[in-house]
Amino acid sequence: MAAVLWDIDGTLIRSGSLGTQIFDEAFTEVVGQSAPPQSFHGKTDPQIIAEHLTAIDRAHDEALIDAVVESLVSKMALHAPTMATEGWLLPGVVPLLETFARAGVHQSVLTGNVRANAIVKLETFGLLDFLDLSTGAFGSDHAHRPALGAIALERLHASGRELDPSEVWIIGDSPNDWWCAETNGFRCILVATGVVGYHELAGLGADACVTDLSDAAALASLVTSSA
Ligand SMILES: [Mg+2]
């Protein structure tokens with residue numbers, strides 16, 4: 001048996017500029033001050049908020065972080081119809097989800113999005129049916145992305161799937177996805193459909209690095225051969 005833990009943004013979908021816009025609005029409304037632009041890629045939502053606070057010389061404040069998350073969740077629900085038109089599914093995603101499903105690969109997510117927002121994004125693009133979210137891990141579970149690997153593995157085990165870490169695959173678009181896989185002894189496929197270029201990703205040492213997910217047969221064969 002093998003399991004795939006999908007990253008969402010830049011891997012399954014792109015949400016255009018909407019994600020950043022919602023984030024900026026929520027932060028500014030709750031904190032009363034805007035933060036300078038920073039890289040979001042592969043970071044968890046609470047981590048991004050914490051880094052924004054640091055950037056404006058504010059002390060770390062869990063209650064404030066929770067309040068920004070709460071605002072983020074209500075804004076995401078409100079803007080879901082806009083995301084459906086401004087965002088897009090990435091090439092090869094649905095055929096690959098289908099190919100893994102046919103091959104008996106268990107599929108869930110490992111994402112920096114808080115759980116509620118991950119669900120909105122997956123639902124907007126019709127991907128929920130492919131994924132068992134009860135065995136996934138989210139930005140709402142922990143701010144430190146590598147810690148999400150241990151949480152997902154624990155949930156896989158609790159669901160009766162006695163997977164070795166080497167049978168668990170992360171598919172993601174950023175160096176942080178690879179770092180999470182590496183820390184947890186998982187395997188990793190990196191895809192250059194986010195903002196990090198192919199050559200930077202290819203130098204990290206993942207099991208595979210691809211420009212997009214269109215070669216479903218090759219990727220499914222790689223993942224199923226690990227089990
Ligand atoms: Mg990503």
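Keep in mind it's a predicted model, so treat the numbers as computed, not measured. Note: hydrogens, waters and symmetry copies are ignored here, and every other heavy atom, side chains too, is used. Counting starts at 1 for both ligands and their atoms, following the listed order. The chain is numbered in sequence order, starting from 1.
Around the Mg ion (ligand 1), protein N, O or S atoms at less than 2.8 Å number 3.
His60 pairs by the side-chain hydrogen bond (donor to acceptor under 3.5 Å, both in side chains) definition with Glu62, not counting sequence neighbours. Under the side-chain hydrogen bond (donor to acceptor under 3.5 Å, both in side chains) criterion, Gln33 pairs with no residue at all, not counting sequence neighbours.
For residues 70-95, the set of pairs meeting the side-chain hydrogen bond (donor to acceptor under 3.5 Å, both in side chains) definition, not counting sequence neighbours, comprises Glu29-Lys75.
Under the side-chain contact (heavy atoms from CB on, under 4.5 Å) test applied with Ile22, the options Leu18, Thr20, Asp24 reduce to a single match, Leu18.
Annotation: His106 is not in aromatic contact with Phe100 [ring centroid separation under 6.0 Å not met].
The pair Arg115-Asp141 fails the salt-bridge criterion, with no side-chain N (NZ, NE, NH1 or NH2) lying under 4.0 Å from an Asp/Glu carboxylate O.
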